[in-house]
Amino acid sequence: MSATEFLKKFDKNLRRLGVETGERRQAVAYYIEMIEDMVSDGMTEQEAVAALGDPAEAAGNFVSEMGGEFAKKPRSSGKALRTAAIIIGSPLWIVALVVLAVIMLAVYICIWSGVAGLWCGVAGFAAGLIGGIGGAAIALMVPGGAVAAIWLAGCGIVCAGIGILWLIGMIKLTKVCARFTGWSFKTIFKRRRTR
Amino acid sequence: MDTQLKRGLLDVCVLAALVRGDSYGYQIIKDLSPYVTMSESTLYPILRRLEAAGSLRVYSAEFGGRLRKYYSMTPGGREKLAEFMQEWKSIMSIYDFIEKEVSTGERD
C-alpha cells in the first residue's frame, strides 16, 4: 500500500466514525509527518506504511482513545439552531394564536347568531298564533266571515302547534350550544395553564 | 492491564520523553520503544490530551524543507511528572503489600 492510499483509507474511516473535518485534517497531517520522519530515518515508503498497520484499525483506535474530544459536536450547534428557530419563529406563533382566536370567535358568533335566528322562528310562530286568533276574532265581526274566521283560527292553532314544537327544539338546541361553548372555553384555558 | 491505569502511565511516559528537550512524534515513539511499544495511533491522542491539559506546547519548525511539529514540556507538565513520582511511592507500597500477600499465600 502506498502512503497516499493509506492516508485516504485512514481519512475515510475517520469520516465514517463521525470525526469532523478539522480534526480529520489534523490527524492526517500527523500521519503524513510520521511517514516522512520514518522515511528520513531510512525506511522506504512501503516499510513506513507497513509499520503503521491497518488504516481502519488506526482510525478506530484514534476515536476510541480521543473519546468525546474527537467526535463531532453537533449537539451544541443544534441547540443554538433550535434557539434561533424559536426566536425567529416566535412572531409567527403570535400571529397563529391571534388567527386561531379570531377563528374561534367567528365560530361562536356563527353558532349563536344561528341560534338567535332560529329563536326568531319561535317569535314568528307566536306572531302567527296571535295573528290567526286576532284575525279570526275580526272575521267573526264581519257578516259572513265565519268560514274565514274558522280558517284563520285553524291557521293560528297550527302556528301554535308548530311553535310549541319549535320552542322545545330550540330550548334543547340552546342548551347543547351553551354546553359546547362552556366546554370549548374550559379546554382552551386548561391547555393554556398547563403550557 | 487496566486500560485506565495504562493510559495514565503512557501519558507520563510521553511527558518523560520530553524532559531532555523538545521532541517530535516519531522520535518519541523511538525513544520509548526499548521500554514501551507505542503505536502512532496511541501517541496522537496522548499528545492531544496533554496539550489540552496544558502539560505541553506544540510548535512547528522547519526540518529538511518541510514543517515538523515539535512538542515542548510546559511548567504544568513538569509539575504533573513530579506529582507522578510522588504518587508512585504510595503505589509501590501497595504493590509491595500485594506482592507479599500473593507470594506468601502461594507458599501456604
Side-chain angles (χ1 to χ4, degrees), chain A residues 1 3-4 6-7 9-73, chain B residues 1-15 17-18 21-34 36-72 76 80:
Chain A
M1 198 184 344
T4 325
F6 176 93
L7 294 169
K9 278 187 186 165
F10 176 69
D11 185 52
K12 212 168 111 187
N13 277 285
L14 285 181
R15 193 173 55 212
R16 219 184 43 205
L17 291 167
V19 179
E20 58 164 334
T21 320
E23 284 288 356
R24 275 201 333 261
R25 208 173 290 148
Q26 275 196 63
V28 169
Y30 167 84
Y31 264 98
I32 291 170
E33 200 189 298
M34 197 57 80
I35 293 165
E36 282 172 342
D37 281 330
M38 284 170 162
V39 171
S40 299
D41 201 40
M43 284 190 198
T44 65
E45 190 185 303
Q46 297 285 323
E47 283 169 339
V49 170
L52 294 176
D54 180 50
E57 209 174 286
N61 201 11
F62 260 57
V63 173
S64 67
E65 282 294 313
M66 293 291 283
E69 312 152 49
F70 208 52
K72 286 191 280 193
K73 296 157 193 158
Chain B
M1 202 200 258
D2 177 17
T3 50
Q4 206 58 41
L5 180 61
K6 196 177 176 186
R7 193 176 289 171
L9 278 175
L10 291 178
D11 283 16
V12 179
C13 273
V14 171
L15 278 180
L18 298 173
D22 300 356
S23 190
Y24 55 93
Y26 183 56
Q27 188 61 48
I28 293 170
I29 288 172
K30 273 214 302 189
D31 289 345
L32 292 179
S33 65
V36 197
T37 309
M38 189 180 281
S39 70
E40 295 72 17
S41 61
T42 308
L43 177 64
Y44 182 80
I46 293 172
L47 290 170
R48 288 293 302 274
R49 205 155 51 223
L50 289 172
E51 189 193 353
S55 298
L56 56 81
R57 193 173 60 81
V58 190
Y59 64 93
S60 292
E62 213 204 296
F63 171 82
R66 63 186 169 92
L67 279 178
R68 188 193 254 165
K69 263 190 173 174
Y70 284 89
Y71 302 92
S72 172
K80 210 176 163 186

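Labels below follow one simple rule: chain letters A, B, ... track the order of the sequence lines, proteins then strands, and each chain is numbered from 1.
At a 4.5 Å heavy-atom cutoff, A:A29 makes no contact with chain B through either its backbone or its side chain. Contact annotation for A:Q26: both backbone and side-chain heavy atoms come within less than 4.5 Å of a heavy atom of chain B. Neither the backbone nor the side chain of A:F10 comes within contact range of chain B; no heavy atom of the residue lies under 4.5 Å from a heavy atom of that chain. Looking at B:L43, both its backbone and its side chain come within 4.5 Å of chain A, counting heavy atoms on both sides.
The pair A:E33-B:K69 does not count as a salt bridge, with every side-chain nitrogen at least 4.0 angstrom from each carboxylate oxygen.
Note that CZ of B:R48 is 11.5 Å distant from OH of A:Y30, once rounded to the nearest 0.5 Å.
Within 6.0 Å of atom CD in A:E57, 12 or fewer heavy atoms from other residues, nucleotides or ligands are found, so the atom counts as exposed in its surroundings.
Between B:S41 and A:A58 the shortest heavy-atom distance is CB-O, 3.7 Å. Across all their heavy atoms, B:Y44 and A:A27 have their closest contact at OH-N, 3.6 Å.
At a cut-off of 3.5 Å, with distance as the only test, no side-chain donor of A:D37 or B:Y24 sits close to an acceptor on the other residue.
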* To do: Walk me through it: do B:R66 and A:S40 pass the test side chain to side chain contact (heavy atoms under 4.5 Å, CB included)?
  => CA-CA 12 Å; B:R66 63 186 169 92; A:S40 299; 3.4 Å; yes
